[in-house]
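Following: one structure in structure tokens, then a few remarks.
Sequence positions, counted from 1, serve as the residue numbers for this chain. Note that the coordinates shown come from a computational prediction; the quantities given were computed from them, not determined experimentally. Both counts, for ligands and for their atoms, begin at 1 and track the order of listing.
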Amino acid sequence: MSLVPTIWSSRAPAAAVWCLCPEGTGRDETSRNQASDGGEDTMPEQSESEVIIVGAGPVGLALGVDLLRRGTDVRIIDRDPAHHPHSKSLALWPRALEGFRRLGLIEPLLERSLTVGALKYYLGERVIRVGFGSLQGSRYRYPVTLPQSATEEVLRQGFEDAGGKVEYGTELTGFTQDADGVRAVLSVGGHEAEARSQYLVGCDGAHSTVRQCLGVTFEGAAYPQRFLVADGVWETSLAQNETHYFMSPSGVLVVTSLPGGKARVFLGLGEEVPADQLADTAQRFAQARCTVPIRAVGELQTGIFRVHRRMADRFRVGRVLIAGDAAHIHSPAGAQGLNTGLEDAGALAWRLAGIRKGELTPGTLDEWERERRHTAASVVADSDRQTRMWTLGGWRSALRDVALEAADRTGALDRFVAPRQAQLALAYPGDGSRAGKLRSGMRLPDVPLEGRADQAWLHDKVALDAPVLLLFAADNRTPERLESTREGAQRLLGRGGYGKAVLLSARIPESFERERTAEIADPGGDIHRLFGIRKPTAVVVRPDATIGAVFELKGSTPSR
Ligand SMILES: Cc1cc2nc3c(=O)[nH]c(=O)nc-3n(C[C@H](O)[C@H](O)[C@H](O)COP(=O)(O)OP(=O)(O)OC[C@H]3O[C@@H](n4cnc5c(N)ncnc54)[C@H](O)[C@@H]3O)c2cc1C
């Protein structure tokens, strides 16, 4: 997780405390860990699978569902005896919702969650609003809130429906790897066992055993403040479908609604608070910082955290990878940790599946590492800026308020902050290729395909096991381009590496589909115009909807 929990508790005192670990250090497992090339070979061989995922948090579960759906044999182990009911993360942004759609889990997720229409920042008398209504390029314009335990439940059900079963009570204590695979050492009910796999992915959270075994550093720092969360029923007149940030001189207060009539109060504190005073402290600070009356009704579930920003210097060593909080932890400002981890998983699953099928080489994992480290670094930096913004005092907070007001007046918050927060604007550096508004490294915007009976969107046509060629025929005024673009498509498909081609053309009847080439009618050239494409162009769209490369099709021959 992106924060190191000090204490979680309910209003009832000590008995409800379920986790207590030294701040910033985690459990000291170094003496038990082994990540050598050798090791005793005395344990029973337990089983062989293609991938072992360590950790059944949201990232491990999402990776597991994705791999099973792609036909990869995967085990998920978790050292906890069962899944836990506590809610850490709440916010799921549009890009994560797109990921849930690709996993086939968007409906159960949306059924249980609450839509957030806007973020509101209260600067004394002035209120600044970041709205999501004008977000473009995704069918999910609004974020939602859902307790992390419920998000995990949806993913766990998806994993089971795809034929998997999380192995709880199974701890990874060490591993070795060689050219052929990984040998994991497990502790199952106090007994040691061994499991072999082609790859091992550590989705085992901030104190990752896998990361420690690899000897990978986790550079960064802790923030001086503590953050307190208090979930429960809060009586207040604040709008339910908005998240409210009160930037008071004594620190930040965030109030977010949850499904089921509950809300989370989240606040920054300068001091440590004893476990039995968390609920009272939340109540007191909420009342002091909120500009309208607010009062807790009934029991609160509380937790207090030290916040860190850290990133692993490597996400991959040979056949062992780390993802999610094991690889990067952020401040909860911006609510990006789980969302970013889900993207790590989505970008990894199709690559591991492609390697298994012999369609991709292991070099694709270096690309994954490069790209995900780039994203993690920018998310850590963004949430660091937001955390500092929350915790500014004196003249600096006055300056912040002036800057926020100016950004609000010019519409910059809706135009730039909302898409970035929604993670839709996050992009990899790519290879520099571009055409019109599309460039390598960015996420392909999802747009409705107007006039189709099936009300399909562009992403419905490009999600596949292997990268897809999206071909813009640009034949609105030059009909003869269609045939040459088709020929170009066949040549590219013949080279291999692509699942299929999707051709956007002015002239194709909507129903036209043939093996490996789906065609989308763009009679008025609207989609071409939207993306600024004027010449025949090929766009390589990866299974996670990011653009791998863009190139112009010259005649029937691709120019690159
Ligand atoms: C108060 C709070 C609010 C947050 N709000 C948000 C938000 O709104 N949006 C957002 O995106 N993020 C948020 N986050 C961050 C989010 O909770 C984390 O990013 C997310 O939990 C990371 O998921 P994960 O699967 O990587 O790791 P985890 O959830 O930490 O799961 C790791 C799993 O690995 C298991 N494990 C560990 N070691 C081993 C081992 N050796 N063997 C076997 N199993 C092992 C653990 O038991 C655990 O189940 C918040 C965090 C906190 C604390």
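Between the side chains of Ser197 and Glu50, not a single donor N or O lies within less than 3.5 Å of an accepting N or O.
The shortest heavy-atom distance from Cys203 to ligand 1 is under 4.0 Å. Arg264 counts as a contact of ligand 1, since one of its heavy atoms falls under 4.0 Å from the ligand.
Here's the thing with Glu171: none of its N/O atoms is less than 3.5 angstrom from an N/O atom of ligand 1. Considering both main-chain and side-chain atoms, Leu338 comes within under 3.5 Å of ligand 1 through a nitrogen or oxygen pair. Among the atoms of Ala326, none of the N or O lies under 3.5 angstrom from an N or O of ligand 1. Checked against a 3.5 angstrom limit, the closest N/O atoms of Val229 and ligand 1 fall outside it. Below 3.5 Å of separation, one finds an N or O of Thr209 facing an N or O of ligand 1.
Contacts between Gln336 and ligand 1 below 4.0 angstrom, taking non-hydrogen atoms only, involve the backbone exclusively. Looking at Asp204 against ligand 1, both its backbone and its side chain come within 4.0 Å, counting heavy atoms. Here Phe305 has side-chain heavy atoms under 4.0 Å from ligand 1, and that is the only part of it that gets that close. The part of Thr170 lying near ligand 1 is the backbone, judged by heavy-atom distances below 4.0 Å.
By the 4.5 Å heavy-atom criterion applied to side chains, Leu119 and Arg129 are not counted as neighbours. You'll find the side chain of His330 reaches within 4.5 Å of the side chain of Thr340, heavy atoms only. The closest side-chain heavy-atom distance from Leu352 to Leu365 is below 4.5 Å.
The side-chain tip of Arg226 does not point at the ring of Phe305 from less than 6.0 angstrom away and within 45° of straight on. Annotation: cation-pi geometry not satisfied between Arg372 and Phe315 (NZ/CZ under 6.0 angstrom from ring centroid, within 45° of ring axis).
Ion pairing between Arg69 and Asp66 fails under the 4.0 Å rule for side-chain N and carboxylate O.
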